[in-house]
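Structure record follows, encoded as structure tokens.
Position 1 is the first residue of the sequence, and the numbers go up from there. These values consider heavy atoms only, across backbone and side chains, with no hydrogens, waters or symmetry-generated copies.
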Amino acid sequence: MGEALVLAELGLYSTHPNPRVGAVLVKDGFVVGRGAHLQAGEPHAEVFALAEAGQAAHGATAYITLEPCSYQGRTPPCANALIAAGVARVVIAMRDPNPLVAGRGVEYLRAAGVVVDEGCLGAVAEALNPGFLQRMRHGRPWMRLKQAMSLDGRVALANGQSQWLTGEVARADVQLERARASAILVGIGTVLADNPRLAPRLDAALQRYPVKIVLDTHLRTSPDAALFSTPGAVWICHYPDAPSAAREALRAAGAELLPCCETGGELDWQEVMTMLAQREMNEILVEAGPRIAASLLRAELVDEWLLYVAPLLLGQDARPVLATGPYANLAEVPRWSVINTTQLGDDIKWTLRPQER
């Protein structure tokens, strides 16, 4: 199963909106087939493993990181393929929460006489697909907030200058985080201030590029913005009464406009989350400024917080990483667990997740 999970990681940047899945076939103590799902619409991991194994699949044990599918989608059901190949036993890391599967694959295999064992390295398998699992279970994507800050918790000088707080190694790591995301989300303030391209800058050509999402209530994005010059769809969330002339210009530039309701003076986060889940967005990398970051944190929608900390002191007049509070006592303060700490050149990357509220 450990090898199957390593194979599943091969799809880290390419399987969207599908989960990352790996499979290994073992017979008489030897691995006879390996496979990984690499891209939506292409064969699943089990199919590749069965093809490599050939006749050796008969009587073999299949180790699969996710319950085999049992329905006809863009590809045939994998449970059928395993049964037809004569696989004797299937070990899965976890069940698939997709309502189209959700235990049916296991039931189908057992009804055909295949022995099925569940739960092998399940926690590791879950960690590989946080967005897909959350979308299926809770109807919203996994929100990963990315920020770079100084040692004193500042993101820019008072005049707005922020390039570059972190070094080249940290910035290269951000490109990998972008590449794995279903979409990159920013606010109109970031677009107007930085004119970002919002596409991963990697040497190797990607099989897919993340969607670029802009929260722009009044459609102030320029049709000439740099984000239109890079691969990947552009979606702009706006108020329904945004200017019609701006709508026409942005549609002509290639944007898809997504009207969203207003609540409390900003876009309705719940509506935005539901809409993104319906559009099969698994993992969203948020690269917005302090205001949107604080809004997401207040709404308790940040599932993972990536903090890149540079060994700099920007001073008390510099712009803070976000504005939250005020809090009357420490018991009210949201607490975070440090999941991972990584040294990136002179910078530190903290991966944090909220403690149970």
Side-chain angles (χ1 to χ4, degrees), residues 16 140-148 155-156 160-163 174 177-178 181-201 209-299 301-302 306 319-324:
H16 165 87
R140 73 173 184 86
W142 182 267
M143 302 298 287
R144 188 175 281 121
L145 174 63
K146 187 275 293 183
Q147 291 181 292
V155 296
Q161 183 180 348
S162 62
Q163 295 184 342
V174 170
E177 293 291 351
R178 285 180 169 184
S182 302
I184 302 169
L185 184 149
V186 299
I188 182 58
T190 298
V191 173
L192 295 177
D194 301 333
N195 195 25
R197 298 167 66 252
L198 298 184
R201 294 187 292 273
Y209 283 83
V211 174
K212 293 165 278 190
I213 303 172
V214 182
L215 305 183
D216 182 6
T217 55
H218 300 293
L219 292 182
R220 293 186 290 157
T221 302
S222 168
D224 297 321
L227 56 86
F228 289 110
S229 67
T230 55
V234 177
W235 298 350
I236 302 181
C237 302
H238 63 93
Y239 289 160
D241 61 354
S244 58
R247 296 186 206 186
E248 295 172 6
L250 288 168
R251 285 196 185 105
E256 183 174 354
L257 304 185
L258 307 176
C260 299
C261 294
E262 177 269 341
T263 179
E266 58 186 22
L267 287 170
D268 184 331
W269 278 120
Q270 294 303 325
E271 182 185 13
V272 172
M273 294 298 103
T274 300
M275 176 187 64
L276 295 180
Q278 290 172 343
R279 289 168 168 261
E280 299 186 306
M281 295 290 105
N282 290 337
E283 300 173 22
I284 309 295
L285 182 66
V286 181
E287 296 196 12
R291 188 181 67 81
I292 288 178
S295 178
L296 276 169
L297 288 164
R298 283 194 300 271
L301 290 173
V302 176
L306 307 180
R319 300 182 183 183
V321 66
L322 48 84
T324 57

- List for me each residue that meets side chain to side chain contact (heavy atoms under 4.5 Å, CB included) alongside Glu248, sequence neighbours excluded, and say none if there are none. none
- Message: To the nearest 0.5 Å, what is the distance between CZ on Arg291 and CG on Leu322?
- Response: 13.0 Å
- Query: Which residues pass the side chain to side chain contact (heavy atoms under 4.5 Å, CB included) test with Ala255, sequence neighbours left out?
  - Reply: Phe228, Val234, Ile236, Leu250, Leu257
- Message: Tell me whether Ser182 contacts the main-chain N or O of Glu283 through its side chain, where contact means a donor paired with an acceptor under 3.5 Å.
- Response: yes
- Note on the structure: Taken in chain and number order and not counting sequence neighbours, the residues that satisfy side chain to side chain contact (heavy atoms under 4.5 Å, CB included) with Ala299 are Trp269, Leu301
- Give the minimum heavy-atom separation between Leu219 and Pro243, together with the two atoms involved. CD1-O, 4.1 Å
- Message: A side-chain contact here means heavy atoms from C-beta on lying under 4.5 Å apart; do Pro290 and Pro320 qualify?
- Response: no
- Specify the closest pair of heavy atoms between Cys237 and Met275, including all atoms of both residues, with the distance to one decimal. SG-CE, 3.8 Å
Donor-acceptor pairs under 3.5 Å, side chain of residues 183-198 to any protein atom, not counting sequence neighbours: which ones?
residue: Asn195; atom: OD1; partner: Ala226; partner atom: N; Å: 2.9

- Message: For Pro231 versus Ala199, what's the shortest heavy-atom pair and its separation?
- Response: O-CB, 4.3 Å
- Determine which pairs satisfy side chain to side chain donor-acceptor pair (under 3.5 Å) with at least one residue from residues 225-246, sequence neighbours left out, and list them in order. Lys212-Thr230, Trp235-Glu256
- Task: Keeping the roles fixed (side chain from Arg247, backbone from Ala242), state whether a donor-acceptor pair exists under 3.5 Å.
- Result: yes
- Query: If we only count heavy atoms from C-beta on, is the Met281 to His16 side-chain gap below 4.5 Å?
  - Reply: yes
- Query: Between Lys146 and Arg178, is any pair of side-chain heavy atoms under 4.5 Å apart?
  - Reply: no
- Quick one: pull up CD in Gln147 and CD in Glu287 and give me the separation to the nearest 0.5 Å. 10.5 Å
- Does the side chain of Val211 come within less than 4.5 Å of Arg279's, by heavy atoms? no
- What residues, two or more places apart in sequence or in another chain, satisfy side chain to side chain contact (heavy atoms under 4.5 Å, CB included) together with Glu271? Cys260, Cys261, Asp268
- Message: Could you measure the distance from the CG atom of Leu306 to the CG atom of Leu285? Nearest 0.5 Å is fine.
- Response: 7.0 Å
- Item | Gap separating the CD1 atom of Ile292 from the CG atom of Leu215, nearest 0.5 angstrom | 4.5 Å
- What's the spacing between Leu267 CG and Asp216 CG if we round to 0.5 Å? 9.0 Å
- Locate the shortest heavy-atom distance separating Pro223 from Ala253; write the atom from each residue and the value. O-CB, 3.7 Å
